[in-house]
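Inspection log for the structure reproduced underneath, given as structure tokens.
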Amino acid sequence: MPIPYLHHELFDLNTGIKTTKYEIEGIGPIVIIDQMYKYADDIKLMLDQAWVPSYHFNKHSRNYKDYYDCRYVIHPTTTEHRREFEAQMLIRDLARTHLGYDCLEKHYEYIFNCFKWINPPEQSHQMMPHQDSQNHIASVTYFNDNENHGTAFYTDVKLTHEEVEDVRLDVKKYANLVDVIPAKKNRTIIYPSWYWHGAYMNDHSEWVDDWRYSQVYFNKLKPEFKL
């Protein structure tokens with residue numbers, strides 16, 4: 001049965017938000033927000049009940065063979081409520097005040113990454129480090145009760161294949177793992193999208209029966225790029 005909702009209600013910000021700036025050694029600063037959403041459990045429930053299409057898929061892909069890598073997208077339906085895009089505005093404000101980057105004031109889709117293993121790999125294999133772009137500020141919000149995962153940041157990345165073919169990479173051999181930001185439930189991290197990064201799982205076996213959920217935004221920088 002469908003469940004009706006309004007964006008500004010489901011994605012309402014929490015009144016107990018805690019914000020810190022964190023420096024990743026040799027890479028740069030990020031922003032960490034704890035207790036982001038007021039109704040994080042309801043957002044997770046929505047994802048639990050969603051039908052999610054494939055992401056990173058072609059005829060050579062290991063997607064739907066060794067893992068399910070899916071993306072769920074909600075197109076915003078403007079209600080003209082003052083809190084409609086409040087989360088995106090907060091991310092832009094913190095990017096400006098804590099990181100020194102000014103973003104365009106645009107409205108973006110609500111994008112969720114949904115992932116689980118079919119055949120979990122060796123622990124040295126993690127999600128392939130990548131850069132999203134050279135002119136965006138990225139953010140990731142976590143929703144799982146299981147907090148045994150996070151986002152890893154790397155240097156000296158050597159890619160051996162295309163991500164669309166296989167999202168796995170032996171990061172012990174082909175990248176230098178600098179830091180892992182723990183994925184506390186309802187935590188958001190904000191970082192320049194040109195940082196080398198990727199999802200990190202402390203124990204792959206925990207993500208065979210459980211889906212890993214994260215919400216992502218990509219806020220485009222203004223042409224002047226940096227304050």
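When reading the values below, keep in mind they use all heavy atoms of this one structure, side chains included, and skip hydrogens, waters and symmetry mates.
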Paired with R187, the side-chain contact (heavy atoms from CB on, under 4.5 Å) test is passed by just one of V140, I181, T141, namely I181
| message | A quick test of your reading: do over 12 heavy atoms of other residues, nucleotides or ligands sit less than 6.0 Å from CD of E23? | response | yes
Are W194 and Y101 near enough that their ring centres are under 6.0 Å apart? yes
Worksheet item: Counting only heavy atoms not in Q49, do more than 12 fall under 6.0 Å of its CD?
Response: yes
Heavy atoms of Y72 and L47 approach each other most closely as CD2-CD2, 3.7 Å
Please step through salt bridge (charged side-chain N to carboxylate O under 4.0 Å, His left out) for the pair D69 and R62, ending with a clear verdict. CA-CA 10 Å; D69 183 18; R62 298 309 302 170; over 6 Å; no
Practice prompt. If the plane angle is over 60° it's perpendicular, under 30° parallel, otherwise tilted; pick one for H7 and Y110.
Written response: parallel
| request: Kindly assign one of parallel, tilted or perpendicular to the pair Y5 and F11, based on the angle between their ring planes and the thresholds 30° and 60°. | output: perpendicular
- request: Anything under 30° is parallel, anything over 60° is perpendicular, the rest tilted; go ahead and classify Y67 against W117.
  value: perpendicular
Paired with F153, the ring-ring contact (aromatic ring centres under 6.0 Å, His included) test is passed by just one of W196, Y22, Y191, namely Y191
* Kindly indicate whether the side chain of K220, heavy atoms from C-beta on, has any atom under 4.5 Å from the side chain of N135. => yes
Query raised in the report: Heavy-atom count around D209 CG within 6.0 Å, excluding the residue itself: above 12?
Result: no
The residue among D48, D42, D41 that forms side chain to side chain donor-acceptor pair (under 3.5 Å) with K44 is D48
Heavy-atom count around E162 CD within 6.0 Å, excluding the residue itself: above 12?
-> no
* Asked: Would you say K173 has more than 12 foreign heavy atoms packed within less than 6.0 Å of its NZ?
  -> no
For R168, the salt bridge (charged side-chain N to carboxylate O under 4.0 Å, His left out) test, sequence neighbours excluded, returns D66, D166
Just do the side-chain contact (heavy atoms from CB on, under 4.5 Å) check on I33 and L90 with the steps written out, would you? CA-CA 10 Å; I33 308 171; L90 174 64; 4.2 Å; yes
